[in-house]
Structures are given as structure tokens and as C-alpha cells.
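Below, chains carry the letters A, B, ... as their sequence lines are ordered, and counting in each starts from 1. Hydrogens, waters and symmetry mates are skipped; everything else that's a heavy atom, side chains included, is used.
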Protein chains: 2
Amino acid sequence: MRKKKSVSSKDVAREAGVSQATVSYILNNVKGVKIRPETRQAVLDAVKKLNYHPDQIARGMKLKRSMSVGVVTDRNVTNFYFMKTLEGIRDGLQAHNYSVSLLFNKYESIEEAEFIKYYSSNRIDGIIFAFASISDEDIEYMDSMGIPYVMVNTYPSGRDVGEVCTDHLSHIQAVIGYFKSQGVKDIAYAGPVPRRANDRRLEAFKEAMALHGYEVKEELTVLGGHDNGEVCRAIMGLLEDKDGRPDAILAASPRFGMLTVKSCHMLGIRIPQDVRIVAVGSSNFFELIHPTLSSIELPLYDMGLKAAEMVLKAIDKGDMVPTTVLPSEFVIRESS
Amino acid sequence: MRKKKSVSSKDVAREAGVSQATVSYILNNVKGVKIRPETRQAVLDAVKKLNYHPDQIARGMKLKRSMSVGVVTDRNVTNFYFMKTLEGIRDGLQAHNYSVSLLFNKYESIEEAEFIKYYSSNRIDGIIFAFASISDEDIEYMDSMGIPYVMVNTYPSGRDVGEVCTDHLSHIQAVIGYFKSQGVKDIAYAGPVPRRANDRRLEAFKEAMALHGYEVKEELTVLGGHDNGEVCRAIMGLLEDKDGRPDAILAASPRFGMLTVKSCHMLGIRIPQDVRIVAVGSSNFFELIHPTLSSIELPLYDMGLKAAEMVLKAIDKGDMVPTTVLPSEFVIRESS
DNA sequence: CTGAAAGCGCTAACAA
DNA sequence: TTGTTAGCGCTTTCAG
């Protein structure tokens with residue numbers, strides 16, 4: 001079972017009555033080399049007849065290219081974000097005959113990082129970081145090694161690196177504006193405790209509130225952690241306050257969106273009649289609950305596609321591609 | 001930027017004052033070759049000093065191995081199932097220095113399939129099909145080519161191929177038994193229209209019902225399609241029938257579980273007081289709704305891990321590994 | 001326009 | 001115990 005027939009370009013050459021070089025020229029469409037039509041046809045026929053597939057390893061050996069890029073992500077990444085982005089990445093790379101090698105972002109020192117080792121040993125030609133936390137030191141290290149890479153993030157890192165992200169935070173203004181147009185009086189915020197300096201969700205909320213003349217009340221701001229139960233209790237705390245109950249809530253992530261809805265269900269509060277809810281982010285579960293959850297949807301697939309394009313350019317040309325911002329979209333469903 | 005320092009084993013050999021072969025022997029721990037400790041140390045030092053990483057492409061060229069396996073899935077696969085399985089696959093492969101190359105299952109003729117081309121061109125050494133629909137002809141083709149592969153599926157395909165799946169359907173008995181112990185009178189079934197002959201969910205339900213002395217009523221069986229709205233209407237049809245309303249529902253997939261809960265919410269039916277719900281399958285969203293949804297959880301990570309192990313064995317030894325069935329688990333949450 | 005030949009970095013006989 | 005050497009299959013000067 002372990003043997004391969006292994007038709008090589010030499011076989012094709014012999015079959016077509018030409019030299020190996022000619023086969024290579026034809027198959028790679030090398031420009032600057034003119035091939036007589038009948039020769040080309042003969043070679044193409046031989047290829048088909050022998051079912052020849054160029055050995056990519058041998059090819060890579062010669063070209064110093066593995067024709068694959070590493071996609072690295074944190075282990076605990078939100079599945080949906082990553083998968084959707086990965087689809088885009090995959091399609092973008094596949095169009096250029098590049099493949100995706102999946103790596104996780106876990107290491108002690110950067111030198112020991114899997115993606116570095118993969119790069120050093122020529123298993124990948126470049127790297128796409130998809131929602132992975134990478135330190136400044138790591139970036140410096142990669143820059144010093146001349147490793148082509150691109151980052152995909154929701155929030156711009158603010159660093160001078162090739163990066164694709166989205167403008168979802170700017171849509172918070174539209175959400176607040178929409179709330180206003182619906183006659184909403186008090187708007188609450190529920191989201192995770194900021195863990196990175198560049199997480200500007202709460203600030204964006206505050207700015208949008210100010211813009212539309214709303215007052216941001218401390219007691220209407222929930223910052224929750226990893227425990228779902230705790231988050232629900234905190235949100236229910238908001239809602240049970242008979243006097244100051246908000247009539248709209250901005251949930252800063254899909255998980256917080258779901259938990260906000262859940263909290264309402266637990267208290268028998270009607271959505272959107274009693275309280276309107278909008279979540280920041282995408283999920284395929286927003287349509288599977290009652291009521292369906294309005295949200296700011298991220299262009300995840302396109303972000304992946306763009307990242308693929310950028311990393312290929314970085315690999316080919318060696319130049320860092322400037323940061324790209326792709327547009328998100330405020331999708332109004334039943335909950336708002 | 002495009003240049004590499006490219007320390008080769010030759011450099012290491014020179015630095016250590018030995019031959020290339022010796023370096024190779026030491027780094028690959030070739031057995032049957034004894035190396036003097038001081039020589040080994042000298043080489044190891046040189047490796048560290050020069051920061052040498054063996055070129056995996058050159059290595060692959062020699063060994064006829066790419067050290068990576070293709071993971072192929074249908075495009076529209078459930079994200080959660082796939083991602084969780086992929087994690088297991090990745091960890092299993094990574095432990096043997098194999099990497100994951102992500103491929104999609106889309107093609108006209110099998111000869112044109114991406115995974116076949118990848119295999120033929122030596123980009124992957126084997127294939128794991130994760131929840132991908134593969135026809136019998138495709139299997140035959142792969143067998144005839146001697147391609148090492150393994151399939152990961154929820155349902156056993158019943159074909160004589162290396163396969164890892166789970167016994168989740170057998171837990172339906174436990175679910176029905178649990179319903180019975182809670183004094184449930186009428187149990188309904190809600191699930192997708194069977195699209196494959198080997199989808200035995202409904203049969204398993206019927207058998208479990210019979211086993212516990214329940215009658216399977218035609219009017220308490222909902223088979224729905226792709227449209228969420230339609231599915232909800234069908235389920236609500238069940239629930240609105242005042243006389244024959246079921247007091248428990250088995251939802252045959254995560255999506256149907258969510259939609260069943262949603263339907264109850266839309267009608268103001270209490271869970272689990274009025275109707276108990278259990279879903280077949282895993283999802284990280286079951287904890288994010290009210291009430292949390294009971295389910296039969298699949299060992300997705302372990303399935304991936306096992307598949308990795310099996311495909312590596314198939315690659316190494318060339319023999320097909322027998323089908324493995326991993327245990328699922330009935331997890332009782334608030335909805336039942 | 002096409003062919004001969006060198007060589008990418010590695011492994012594995014075979015020699016020493 | 002270690003070194004010499006011959007390729008793996010491909011691309012690519014350089015000749016013809």
C-alpha cells in the first residue's frame with residue numbers, strides 16, 4: 001500500500017519526446033519562453049495520459065516555497081468568528097494554489113512558537129494571525145526575521161503592521177441613533193471587562209451616547225467576566241430595578257447578547273416591548289432564538305479573504321501591506 | 001526581505017567538525033547508529049548556536065512525505081462540530097510532528113477533487129474526512145489509489161472503512177427513560193428530514209420509545225427542513241394542540257433543539273414545567289439560553305484525536321484501522 | 001525554441 | 001563510530 005506510482009516530469013518528457021525542461025516551461029507557463037504549439041500539445045497530452053501531478057515538495061525545494069501559509073489562532077477563540085474567517089482565508093489562498101496550515105498560538109518563548117518553527121523549517125511561507133493575541137515583542141521578532149505576516153482582528157491593534165479589521169464600533173452610533181428613533185429613554189451597556197488596551201467598545205458606546213444626547217449612567221453599565229451565571233445575575237440586577245430599568249441594552253459581544261436575552265427570559269421581561277437589545281458581533285445563533293437578535297455583523301469571510309490576499313502580497317513582494325478596514329453592518333432583527 | 005539565512009545541515013556539520021550524515025543521524029535519532037556522546041554534544045551545540053532548523057521540504061523530498069494530512073469537510077458543516085473535532089485532530093497530529101492542511105469537499109469528478117490532487121502532488125500524506133459526504137465511488141477510487149484516509153462521522157456509514165463515530169443514538173434510550181422517570185406522558189420528536197440512508201435518528205427514537213412502552217404518534221413527529229421559520233411553525237403546531245400537546249420533545253439536532261426552545265418561548269410555554277426538551281448533539285450555546293438545554297453531548301475532541309491517531313497508523317503501516325466508536329454522554333441541564 | 005546539466009537540503013546505503 | 005556519496009523531482013541558467 002505504501003508505494004507510489006510516482007510519475008515524474010521525466011516520464012512525461014520521455015512520453016512526449018521532449019526534455020524535462022520543456023515540460024517545466026510549459027506547465028509553469030514560463031514567460032519569455034516560446035513553445036511550438038505542437039510541442040505544447042504533445043506534452044499536455046502526455047500529462048493527461050500519464051496522470052502526472054508535479055511533486056509540490058520537489059518544486060518547493062527548488063523554489064524555497066512550501067506554498068502554504070500558517071493560520072494561527074488562540075485556542076479559546078470564538079468558534080464562529082474563526083471558522084468564518086478561515087473560510088475566507090482558505091478561498092483566498094486556494095485561488096493562488098496556496099494551502100492552509102492550521103496552527104495554535106501557544107508557546108513559552110517566541111523562539112519556541114510553533115509558527116516560528118514552521119516558518120524556520122520552511123513548512124509555511126507566511127502567517128495569518130486570526131484573532132490571536134500577539135505581543136509587541138513577538139512582532140518585533142518576526143519583523144527582524146523578515147517573516148511575512150498579517151493579522152486579522154476585530155479591533156485595530158494600533159500597531160504598524162499589516163492588519164485587517166472592521167469598523168463595527170462605528171456602527172454603535174447607528175444603534176444608539178436607532179434606539180433614539182424608537183423613543184428609547186435609558187440605554188444600558190453589558191459587555192466583558194476590557195482585557196486589552198485597544199478594546200474600545202465601552203468608549204465607543206460612551207461617545208455614541210454623548211453624540212445622541214444620552215447620559216451614560218454608571219449603574220446601567222455591566223462589566224462581566226467568564227462566568228455565565230454571574231453575568232446573568234448582573235444583568236438581572238439592572239432589569240429588576242423598577243425605577244431605573246433601562247429600555248434598551250447594548251450587548252458588546254455575541255455571548256453577552258445571548259446572556260442579555262436569557263436574563264430577560266428569566267425575569268419574564270418582554271423583548272423588544274419592555275427592553276430592546278442589540279449585540280455587537282456575529283453568530284449563526286441569533287436567528288435561532290426568540291426573538292431573533294439584532295446585531296452589528298462583522299464581514300468575517302471578507303476579512304479572511306483580504307488577509308489571504310495581503311499575506312500573499314507580503315510573501316511575493318516582501319512589502320507590508322497597509323491596514324485594511326472592512327465595513328460591518330447593523331442588522332435589525334426582532335429584538336430591537 | 002525575501003532572502004533567508006538558511007543554515008543548512010552542512011553548516012552545522014562544519015561548525016561541529018563532523019559530516020552531514022552524522023548530523024542527520026543525531027537529529028533523527030536513527031537507531032542502529034551509535035554516536036559518541038561528545039560528538040552528539042558538539043552537534044547539538046552547533047545546532048543551538050546556529051539556530052538550525054532542518055528544512056522540512058528537503059526532508060520530505062527525500063522521505064516522500066509531506067508530514068501533513070488533509071482535513072476535508074463539507075462547506076456547510078456545523079461549525080461547532082467541526083471546530084471541536086479539528087482541535088482534537090490538530091493535537092493528535094501535532095504530537096507526531098504532522099500538520100493539518102485544511103481542504104473543502106467540493107468537486108465535480110473525484111479525479112478533480114482537491115484532496116486527490118493534494119495527495120497526488122505529495123502535499124498531504126493522508127486524509128481525514130470530518131463530517132464530509134463521500135460517495136461509495138469516491139471511496140473505491142481512494143482505495144484503488146491506496147490513499148490512507150479516515151472518516152469522522154456522527155453516524156456509522158456502515159461501510160468497511162476506517163472510521164470514528166459515536167454511540168450518541170444509543171443514549172436516546174436513556175433520554176426516554178429519563179422522561180419516563182419524570183412522569184412524562186407524551187413524547188414528540190422534532191428533527192431534520194433524513195437525507196442519508198444511514199441517518200438512524202428517527203429509528204433510534206422509535207426503538208427507544210417502544211422499549212419504554214411509549215407509543216409513537218404520527219402527529220407528534222415533526223420533520224423539518226432548512227427554513228427556521230417553517231420548523232418553528234411546525235413545532236408550534238404540535239404545541240398548540242390543546243388536547244394532544246406533548247409534555248416532552250426530543251430534538252434530533254442542536255439546531256432543532258434551539259428552535260424547539262424558541263417555539264416554546266413564542267407560545268409562552270414553560271420549560272420544563274409544561275414541556276421537557278432534550279437535544280441530540282453538542283453546542284456551546286446550550287448554556288447561553290434560558291433554560292439551559294439538556295443534550296446528548298458528542299465526544300468531538302476525542303473523535304478528532306482518535307482520527308488523527310488512526311490516519312497516522314494508516315500512513316505508517318498502510319493498514320486500515322477498524323472503526324472506533326467513542327462514547328457520548330447524556331447531560332441533564334435545566335430544560336428537562 | 002529546446003536540451004543538458006547543475007543543484008536545492010536532506011537521508012541512507014556503503015565505505016572506511 | 002563516522003564520512004563519502006548518490007540521488008529524491010524539480011527549476012533554471014547556459015548552450016545549442
Problem set entry | Heavy-atom donor-acceptor pair, B:Asn28 side chain to B:Ser24 backbone, under 3.5 Å | yes
Problem set entry | A:Glu309/A:Lys306 ion pair, N-O < 4.0 Å | yes
Exercise. A:Asp11 CG to D:dC10 C1': how many Å, rounded?
Worked result: 13 Å
Exercise. Taking for each residue the nucleotide of DNA chain D bearing the nearest heavy atom, is the 5' side occupied by B:Val18 or by A:Val30?
Worked result: B:Val18
Exercise. Does A:Ser24 place a side-chain N or O at less than 4.0 Å from the phosphate oxygens OP1/OP2 of D:dT11?
Worked result: yes
Restricting both atoms to N or O, compile the protein contacts to nucleotides 13-16 of chain D shorter than 3.5 Å, with distance only.
unit_1 : atom_1 : unit_2  : atom_2 : d
D:dT13 : O4     : A:Tyr25 : OH     : 3.3

Under-3.5 Å N/O pairs linking protein and nucleotides 6-9 of chain D:
unit_1 : atom_1 : unit_2  : atom_2 : d
D:dG7  : N2     : B:Lys62 : NZ     : 2.9
D:dG7  : N3     : B:Lys62 : NZ     : 3.4
D:dG9  : OP1    : A:Ser6  : OG     : 3.4

Exercise. Distance-only, no hydrogens or angles: does the A:Thr22 side chain make a donor-acceptor pair with backbone N or O of A:Val18 under 3.5 Å?
Worked result: no
For this session: Nearest 0.5 Å please: distance from the OG atom of B:Ser282 over to the CG atom of B:Leu298.
Result: 4.0 Å
Exercise. Are the side chain of A:Ser68 and the backbone N or O of A:Ile124 linked by a donor-acceptor pair below 3.5 Å?
Worked result: no
Problem set entry | Start and end of the DNA chain C segment that chain A contacts, any atom under 4.0 Å from a heavy atom | C:dC1 to C:dG9
For this session: Return the value, rounded to whole Å, for the distance between atom NZ of A:Lys31 and atom P of D:dT11.
Result: 16 Å
Problem set entry | Backbone N/O of A:Met83 and side chain of B:Asn79: donor-acceptor pair under 3.5 Å | no
